[in-house]
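Here's the structure, in structure tokens; my notes come after.
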Amino acid sequence: MNLETFFSAFQGFEAMLHSTPQMVMARVGLILLGFLLIYLGKKGVLEPLLMIPMGLGMSVINASVMVFDPLGLHGGLGTLFLEAQAGAGPDNVKNAADLMYIMGIDWLQPIYTFTFSNGLIACFVFMGIGALLDVGFVMARPFLSIVLALFAELGTIFTLPIAQMFGYTAKQAAAISVVGGADGPMVLFTSLKLAPELFVPIAVVAYLYLGLAYGGYPYLIKFLVPSAKIRGIAMPADPKFGKYNSGQKMVFAVVACVILCLLLPVAAPLLFSLFLGIVIRESGIKQFQDLMNGPILYGATMFLGMTLGILCEATTILDPKVLPLLLLGMLSLLLSGIGGLIGGYICWFFTKGKINPVIGIAGVSCVPTTAKVAQKIVQKDNPHAIIMQYALGANVMGVITTAIIAGVFCSIIK
Amino acid sequence: MDGLMISVNTTIITIIISFFIAIVIKLMVVVLDLTSKPEPVATPEPETAAEMDDESEIAAVIAISKL
């Protein structure tokens with residue numbers, strides 16, 4: 001019995017024998033990275049809700065490659081999980097046949113095709129996020145929130161021309177730059193609308209970095225706001241924060257939703273989903289609230305993390321198109337964080353030190369992660385300082401400005 | 001279209017729409033403040049007690065009727 005016959009009994013090893021040494025090393029590296037993500041998620045350094053299913057998905061998909069490629073897309077190797085490229089060719093009839101065929105083989109293909117490819121999972125996450133948002137903070141301080149949110153879009157605006165310098169088309173560059181908005185569902189949505197061919201790598205890069213932002217932004221804050229005295233500025237509780245009742249918040253949400261959909265019909269599915277969550281939160285219908293806060297939000301987040309991990313197969317990550325994306329995604333989020341803190345400093349300056357500049361980071365609309373990061377940092381330097389309400393206002397407005405930018409990109413880039 | 005031009009145009013449109021939204025929010029808040037009814041006065045203690053009495057009376061009647 002020769003070595004090849006022996007290894008054919010163990011299909012994972014057989015696939016390794018059929019791969020190049022670089023690919024084998026990349027697979028082993030990604031398996032280990034998956035372990036690291038799970039560990040950091042468990043320790044709370046990275047967002048556990050996303051990182052634990054994503055890390056396991058990443059490790060497992062790179063261990064589950066075997067000699068199996070029914071559509072002939074990957075040089076004879078494949079998995080039984082999903083085929084992201086199924087149905088992506090130019091021939092519609094062949095695409096439909098391939099998709100139906102692969103759906104009968106790959107167990108996650110129906111979830112990917114019917115929830116990822118059309119943005120449904122992004123809408124589900126937005127419904128759940130909406131059900132957690134209190135728009136009272138935005139109603140109390142709309143101008144402060146909007147200024148911080150606009151500054152925190154620095155990465156989105158600046159990354160677009162930089163991405164074009166890397167050879168991406170205007171549509172692809174716009175889809176990449178939306179990573180700077182730090183709004184996962186919006187990134188999925190924009191890449192599907194503008195650059196479906198880059199959907200998988202952009203989605204993977206975006207969520208990987210959004211998880212890392214949870215661990216990385218505290219260092220950025222400490223670097224750009226070095227004074228512990230400024231970081232610990234206590235902001236007085238604004239009586240307006242608790243002033244609005246649920247009926248008023250509902251009226252606000254309904255009118256704002258209709259106006260935004262009127263202005264930006266391309267982003268209407270996401271805007272509707274977000275405001276539906278807000279309206280249900282304020283409606284007092286407990287059954288719907290429980291549905292949005294529980295099964296929809298956490299079910300969608302789990303499948304999102306798991307599917308993104310499974311999309312991190314070595315062939316996807318080693319695609320030459322993905323490497324610049326890793327750099328651009330990080331640059332975009334870094335610039336947005338810097339922009340948010342610049343906005344915070346400007347508000348601090350004009351209010352003569354009453355506004356804590358750290359809340360600027362919450363303009364980066366990773367709800368509610370960046371608001372939590374801001375509160376955590378401030379509380380370390382001043383245990384009595386509560387800035388969460390202001391930070392959440394900027395956070396909610398950040399979602400709206402990212403939706404506006406995504407809508408503008410989809411409208412003006414033809 | 002050139003990436004820089006797209007960025008400039010997007011920034012201008014986003015600032016306009018964002019401030020429009022902020023103004024709409026501010027106007028809505030003013031209108032809501034003007035049109036909202038004053039907070040209902042808390043129900044005095046004796047009335048609550050009476051209600052509780054009514055409910056307990058009904059519960060007692062149901063309990064008796066089941067006997």
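Order of the sequence lines sets the chain letters (A, B, ...), proteins ahead of strands, with each chain counted from 1.
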Quick check on [X] against chain B: is it the side chain, the backbone, both or neither that has a heavy atom closer than 4.5 Å?
X: A:V138; value: both
X: A:L263; value: side chain
X: A:M165; value: neither
X: A:L150; value: side chain

Legend entry - Under 3.5 Å donor-acceptor, A:T159 side chain and A:T156 backbone: no

Legend entry - Main-chain N/O of A:G363 paired with A:N395 side-chain donor or acceptor, under 3.5 Å: no

Legend entry - Selection residues 161-194 of chain A - residue pairs positive for ring pair (Phe, Tyr, Trp, His ring centres under 6.0 Å), sequence neighbours left out: none

Inset, instruction - Just grab all the salt bridge (Lys or Arg N to Asp or Glu O under 4.0 Å) pairs involving residues 262-284 of chain A, residues at least two apart or on different chains. - result: A:D134-A:R281

Inset, instruction - Identify the residues of residues 328-347 of chain A whose heavy atoms come closer than 4.5 Å to a heavy atom of chain B, ordered by number, or report 'none'. - result: none

Legend entry - Worked check of side chain to side chain contact (heavy atoms under 4.5 Å, CB included) between A:F272 and A:L260: CA-CA 9 Å; A:F272 169 74; A:L260 282 169; over 6 Å; no

Legend entry - Minimum-distance pair of heavy atoms, taken over all atoms of A:Q164 and A:T169: NE2-C, 4.2 Å

Inset, instruction - Would you please name every residue forming a side chain to side chain contact (heavy atoms under 4.5 Å, CB included) with A:A206, sequence neighbours left out? - result: A:V179, A:V187

Legend entry - B:L4 portion near chain A, given a 4.5 angstrom heavy-atom threshold: both

Inset, instruction - Please assess A:E153 against B:T14 for the test side chain to side chain contact (heavy atoms under 4.5 Å, CB included), listing each intermediate value before the final yes or no. - result: CA-CA 10 Å; A:E153 295 294 349; B:T14 306; 5.8 Å; no

